[in-house]
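Before I ask anything, let me first share the structure, which is written out below as structure tokens.
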Amino acid sequence: MNSVVEILPQEFYNRPPLTVARDLLGARLVRILDNQRLSGIITEAEAYIGKEDLGCHAHSGKTKRNAVMYGLPGHAYVYFTYGMHWCLNAVAEVEGFPAAVLIRAIRPEEGAAIIHTRRNGRDTNGPAKLTQALGIDGTLNGVSLCDPVAGLWIEAGASIPDEAVTIGPRMGLYTVPEPWKSKPWRFIVSRDT
DNA sequence: AGCACGATGCTCT
DNA sequence: GAGCATCGTGCTT
């Protein structure tokens, strides 16, 4: 079999965040760490959409932290939270509109042994778990996910049929008011394909 | 299997 | 100074 590596292009991300989040399911998140190729299939993602969305970091306008979300689609927005965790987003939508897709879970593939060691044998089904597993931190904030130079990118993968996708409200928005708290903007691969 | 809580420090008001 | 797009542990059903 001839396998062609296809890095998802910037146009992939220059679309509505809900579409980007849905279509990132099944894609392959790739990280080069210590000259090793690590990867996992994305199994969960959430959309954060503009300053109207009170769950989105951009709801209070542009700040130093969220500035990357206002920039070019297809770039990494990596933020620090809860005093110890990094979370990875892919910037979506046209430049100037603040939106991003939070990568919440992966299923390890390449380098699975290394990934499990980095996780002390624990799972990679959480946004801060997968960044720890792949060595993703604030030094990668703002890098392009559309080329390999930074050692972090996303490749096209198997497409996931609708029957295998569960949609629900986003996680962790405890103090966010309705309707934003309950918007069904979370996409999960709910069964093997 | 589910809930409660503490860890821990950056970011913005 | 408050709040946080979380995680792991420890305790309860």
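Side chains included, hydrogens not; waters and symmetry mates left out as well; all remaining heavy atoms used. Chain identifiers are assigned alphabetically (A, B, ...) following the order of the sequence lines, protein sequences preceding nucleic acid strands; residue numbering begins at 1 within each chain.
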Hey, is the side chain of A:Arg122 poking within less than 4.0 Å of OP1 or OP2 on C:dC7, counting only N and O atoms?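 Result: no.
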
Under 4.0 Å between any heavy atoms, over every strand shown, what does A:Gly55 touch: base, sugar-phosphate, or nothing? Just pick one.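 The answer is base, as A:Gly55 lies within the cut-off (heavy atoms under 4.0 Å) of a base atom.
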
Would you call the rings of A:Tyr82 and A:His85 parallel, tilted or perpendicular, where under 30° means parallel and over 60° means perpendicular?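 Rings of A:Tyr82 and A:His85: perpendicular, as their planes differ by over 60°.
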
In terms of the nearest nucleotide of DNA chain C, which residue is placed more toward the 5' end: A:Thr175 or A:Gln132?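 Result: A:Thr175.
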
Are there more than 12 heavy atoms of other residues, nucleotides or ligands under 6.0 Å from atom CD of A:Glu52?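 Counting neighbours around CD of A:Glu52, 12 or fewer heavy atoms of other residues, nucleotides or ligands fall under 6.0 Å, so no.
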
With respect to the phosphate group of C:dG8, does any side-chain polar atom (N or O) of A:Lys129 fall under 4.0 Å of OP1 or OP2?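 The answer is yes; a side-chain N or O of A:Lys129 sits under 4.0 Å from OP1 or OP2.
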
Rounded to whole Å, please give me the gap between OH in A:Tyr48 and P in C:dC4.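 Interatomic distance, OH of A:Tyr48 to P of C:dC4: 12 Å.
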
Complement of C:dA5, any strand, by Watson-Crick or G-U distances under 3.5 angstrom: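 Looking at the geometry, C:dA5 pairs with no nucleotide.
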
Chi angles and distances behind the salt bridge (Lys or Arg N to Asp or Glu O under 4.0 Å) call for A:Glu44, A:Lys129: CA-CA 13 Å; A:Glu44 185 178 339; A:Lys129 298 180 186 179; over 6 Å; no

Nearest-Å distance for atom pair CG/P, residues A:Asn89 and C:dT6: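 Distance check: A:Asn89 CG to C:dT6 P gives 11 Å.
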
Side chains of A:Arg107 and A:Thr43: do they bring a donor and an acceptor to under 3.5 Å?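 No, no side-chain donor-acceptor contact under 3.5 Å.
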
Taking A:Tyr79 as the fixed residue, which of A:Asn66, A:Asn89, A:Leu88 is the one that meets the side chain to side chain contact (heavy atoms under 4.5 Å, CB included) rule?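 That would be A:Asn89; it is the only one of A:Asn66, A:Asn89, A:Leu88 passing the side chain to side chain contact (heavy atoms under 4.5 Å, CB included) with A:Tyr79.
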
Once you round it to whole Å, what is the distance between P of C:dT6 and CD1 of A:Ile136?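 Result: 16 Å.
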
Remember a base hit wins even if backbone is also touched, and classify A:Arg186 as base, sugar-phosphate or nothing at under 4.0 Å, heavy atoms.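 The answer is nothing, as A:Arg186 stays clear of every strand by at least 4.0 Å.
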
Its contact letters, B for base, S for sugar-phosphate only and - for none at protein heavy atoms under 4.0 Å, make nucleotides 7-13 of chain B read BBBSSSS

Regarding A:Leu102, tell me which of base, sugar-phosphate or nothing describes its non-hydrogen contacts under 4.0 Å with the strands shown.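 Base, at least one base atom sits under 4.0 Å.
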
Can you tell me the pairing partner of C:dT12 across any strand shown, Watson-Crick or G-U wobble, with both distances under 3.5 angstrom?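 Per the H-bond distance test, B:dA1.
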
Go through C:dG8, C:dC7, C:dA5 for me and flag the one nearest to the A:Pro127 side chain.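 So the nucleotide nearest the side chain must be C:dC7.
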
Tell me: CG of A:Asp123 to P of C:dG8, nearest whole Å?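 In whole Å, C:dG8 P and A:Asp123 CG are 9 Å from each other.
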
Kindly say if A:Arg104 contacts the phosphate of C:dT6, meaning a side-chain N or O under 4.0 Å from OP1 or OP2.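 The answer is yes; a side-chain N or O of A:Arg104 sits under 4.0 Å from OP1 or OP2.
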
Could you tell me the separation between the OH atom of A:Tyr174 and the P atom of C:dA2, rounded to a whole number of Å?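 For the pair A:Tyr174 OH and C:dA2 P, the rounded distance is 21 Å.
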
Below 4.0 angstrom, N of the basic side chain to O of the carboxylate: do A:Asp53 and A:Lys183 qualify?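 No.
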
Applying side-chain contact (heavy atoms from CB on, under 4.5 Å) to A:Arg118 and A:Ile114, what does each step give before you reach the verdict? CA-CA 6 Å; A:Arg118 292 184 57 84; A:Ile114 295 170; 4.2 Å; yes

Taking CE from A:Met171 and C1' from B:dC3, how many angstroms apart are they, rounded to a whole number?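 Computing the A:Met171:CE to B:dC3:C1' distance gives 13 Å.
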
